[in-house]
Each structure stands twice: as structure tokens, then as C-alpha cells.
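Okay, so here's the structure we're looking at.
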Amino acid sequence: MKRIFPFIMAGMILTSCSKNDKIEPVNTEVKAPIILEFDNIAGDNNLQLNAGTYINALGEQFTVNTLKYFVSNIKLTNTNGTQYIVPQDSSYFLVDESLPESTDIRLNVPEGDYKTVEFVLGVDSLRSTMDLSKRTGVLDVASGHDGMYWSWASGYIFFKMEGTSPAAPVDGTGQRKFRYHIGGFGSAGSPINNVKIIKIDLQAGGLAKVRKGRESQVHLMADVMKVFNGAPNVSIAANSNVMSGLFSQTVSSNYSNMFTHNHTHN
């Protein structure tokens, strides 16, 4: 589900939702709500699972059936440079495009005017190797409801995108599918590290002015076209099934550029 307006109204959104010249008192001893809204898109279009058809930089047509990724270790920095780190035990979320409620991450943070949001795309090595009793909620490996854990490799899938494409070779089921399941935190047994730190500047699109009695909503766009369109471009025909291995680093390097800030509601 999408909450963004058509892109032609972006200027109106910034004016009506983000600009607030009134000087408001701040009490850093008080916490207030902030919502990080992840809107998954494909270029200039809203992402539509099982329906939308898109074309990457190499001219390959594709449809997305599944999109899920972990967001964790969230940090916010306010205009005076003070950083607030969300307590780690409460800082693991799974964004699943098929579950609209999962695309809104709700936090309580000290009042302030926040200029940057930082998070890990994936699951850090420390949490990945903790006792199972410390890995609950979306990290519960026994639940099996989200398909974001490799039992054979004892590791989380940080980013999963699956779909169909005429460019993909025919698989064992007779279908032309692509599957990108990217994980790996740089362990001794598997030195590939696909943990990505994402830092987003909110200043151009509007500071998050967090105050008690209202919800500040930060609208973040996640563009799946970036998975394919990067340096280098990723070809579905040549790389339709990427999980482990060196090429997973190319995919993760590309998707680390997915995220941008569109606007803020205060």
C-alpha cells in the first residue's frame, strides 16, 4: 500500500507538509512518536506486486512478486548534533511490501528537530550470532513465517526480491523467475559482508520536528530499480539467481542506493 501522492505534486507536498518556521520549545526529557514510512517504488512508479511491469537499464522487463528487507540499528541526529540511538533490542524491523502495516516503523524518541536518519539494511553480526533467546520478533528463526533465514547457513537474508522476467532463463518449474536473496555479515566461514549502513539527510525535504502530542512522519522512498541500475548494471539474463557468492556484493552495493527522503509531515 502506498501513501505518496503523484510525483507532480511533490512541490505542493514539501510546502504544505514540511515547512514549519515556528520556533517550538523542545524538552529532550520527553519522548514523542516518529514514523519512518518506507514507500517501495520502481523508478517513477509505485511498486505493485504481481502486477506492475518495469524495465531496467539494460532493457529487461520484469515483475516483482516478493520484496522484503530488514531495517535495524536506527539512529537519529538532531540539528545540534546530538544523536539518539534506538535501544538495540527494539531496533529490528522487517519491511514486507505484501504487509502494508510493516512499511511504517513507529518509534518514540526524545523531542527535537532531527536532520538525519541512519539505519542498517540487514542484521548486524553481533545480533546474528547471539543466543536464540535474544533473537525474537522478526528475528525469530523458529517462526518460519517470513522466509528470511537460511537454516542451512545459519544466517539472515537481509534483502529478498523475487519476480518474473522474459529475460530470465527457464527454471526447473518451467517458469522464468529471478531470485535475489542477499545476506552475509562477514563471518570467518563466509567473509562476504553485505551489511549496509544507510544514512539519509532530511534537511532538503523537511526536518522531523518531533514533539509530544503529534506524530512526525518521515516519508522514505525505496526504489527497486536501483537493484539493477548501478555501477555496474545487473542483468537478469546473466544473473537471475543470486544468493551467496561474490556477485551478491554487487547486488547489495546497488541496493544500498535505494533510499531517498521525499518529504516530512510534522
Any side-chain heavy atom of Asn40 within less than 4.5 Å of one from Tyr69? yes
Please check if the side chain of Asp131 supplies one atom and the backbone of Lys134 the other of a donor-acceptor pair under 3.5 Å. no
Are Phe185 and Trp150 connected in a single hydrophobic cluster, I mean Ile/Leu/Val/Met/Phe/Trp/Tyr linked by side-chain heavy atoms less than 4.5 Å apart? yes
If every non-hydrogen atom of Asp201 is compared with every non-hydrogen atom of Gln203, which pair is closest and at what distance? OD1-N, 2.8 Å
Distance-only donor-acceptor check, side chains Asn266 and Ser216, under 3.5 Å: yes
Got a second to check how far Gln83's CD is from Lys75's NZ, nearest 0.5 Å? 5.0 Å
Note: Val64 and Thr66 closest approach over all heavy atoms is CG1-O, 3.4 Å
Write down the atom of Thr264, the atom of Ala208, and the distance for their closest heavy-atom approach. CG2-CA, 3.9 Å
Going by distance alone, is a donor N or O of one side chain under 3.5 Å from an acceptor N or O of the other, for Asp124 and Asn73? yes
State, without any angle test, whether Tyr84 and Lys31 hold a side-chain donor-acceptor pair at a distance under 3.5 Å. yes
Checking the side chain of Arg211 only, and the main-chain atoms of Pro33 only, is there a donor and an acceptor separated by less than 3.5 Å? no
To the closest 0.5 Å, what do you measure between CG (Leu76) and OG1 (Thr116)? 7.0 Å
Looking at Asn229 and Ala57, would you say the former's side chain and the latter's main chain have a donor-acceptor pair under 3.5 Å? yes
Let me confirm one number: the CG-CD1 distance from Leu220 to Ile41, rounded to the nearest 0.5 Å. 11.0 Å
side-chain contact (heavy atoms from CB on, under 4.5 Å) partner of Val95, chosen from Leu121, Asp104, Leu67, Thr103: Thr103
Under a 3.5 Å distance rule, please check whether Asn194 uses its side chain to pair with a backbone N or O of Gly183 as donor and acceptor. yes
With clusters built from Ile, Leu, Val, Met, Phe, Trp and Tyr whose side-chain heavy atoms come within less than 4.5 Å, directly or transitively, what are the remaining members of the cluster of Val30, listed by chain and number? none
If only atom types and distance count, is the side chain of Thr82 paired as donor or acceptor with the main-chain N or O of Asn78 below 3.5 Å? no
For the residue pair Thr136 and Ser133, what are the closest heavy atoms and their distance? CG2-O, 3.6 Å
Leu202 CG to Thr79 OG1 distance, which is reported to the nearest 0.5 Å: 11.5 Å
Hydrophobic cluster membership, Ile197 vs Phe259, 4.5 Å side-chain cutoff: yes
Scan side-chain atoms only and decide if Glu215 and His265 contain a donor-acceptor pair under the 3.5 Å cut-off. no
Common cluster, Phe247/Leu58, ILVMFWY with side-chain heavy-atom separation under 4.5 Å: no
Phe93 ring center near Phe119 ring center (under 6.0 Å): no
Any donor-acceptor pair under 3.5 Å linking the side chain of Ser165 with the backbone of Gln61? yes
If Ile, Leu, Val, Met, Phe, Trp and Tyr residues are connected whenever their side-chain heavy atoms lie under 4.5 Å apart, and connections chain through other members, are Tyr92 and Val141 in the same group? yes
Looking only at atom types and distance, does a side-chain atom of Asn254 sit under 3.5 Å from a main-chain N or O of Pro232, one as donor and one as acceptor? yes
Are Ile192 and Val227 connected into the same hydrophobic cluster when the rule is that any two of I, L, V, M, F, W, Y join if their side-chain heavy atoms are below 4.5 Å apart? no
Counting neighbours of NZ on Lys196 that are heavy atoms of other residues, nucleotides or ligands and sit closer than 6.0 Å, is the number greater than 12? yes
Before we go on, tell me: are the rings of Phe70 and Phe158 under 6.0 Å apart, centre to centre? no
Classify the ring geometry between Phe62 and Phe228 as parallel (under 30°), tilted (30 to 60°) or perpendicular (over 60°). tilted
Candidate list Thr164, Ile236, Asn241, Asn239, test side-chain contact (heavy atoms from CB on, under 4.5 Å), partner Phe178, passing option: Ile236
So Val242 and Thr250, side-chain contact (heavy atoms from CB on, under 4.5 Å) or not? Walk me through it. CA-CA 10 Å; Val242 182; Thr250 297; over 6 Å; no
Check whether more than 12 heavy atoms from other residues, nucleotides or ligands sit under 6.0 Å from atom CG of Leu99, and answer yes or no. yes
Can you tell me if Tyr114 uses its side chain to pair, donor with acceptor, with the backbone of Val210 under 3.5 Å? no
Sole candidate of Glu29, Glu24, Lys212 that passes side-chain contact (heavy atoms from CB on, under 4.5 Å) when paired with Glu111: Lys212
Other cluster members, Met130 - Ile/Leu/Val/Met/Phe/Trp/Tyr, side-chain contacts below 4.5 Å: Leu126
So which heavy atom on Gly245 is nearest to which on Ser248, and how close? O-OG, 2.7 Å
Give, for atom CG of Asp223 and atom CG of Asp44, the distance between the pair rounded to the nearest 0.5 Å. 8.5 Å
What's the spacing between Ile198 CD1 and Met258 CE if we round to 0.5 Å? 9.0 Å
Nearest heavy-atom pair of Gly122 and Ser72: which atoms, and what distance? O-OG, 2.8 Å
For the backbone of Gly163 and the side chain of Thr63, can you confirm whether one donor and one acceptor N or O come within less than 3.5 Å of each other? no
Check whether Arg135 reaches the backbone of Ser128 with its side chain - one donor and one acceptor, N or O, closer than 3.5 Å. yes
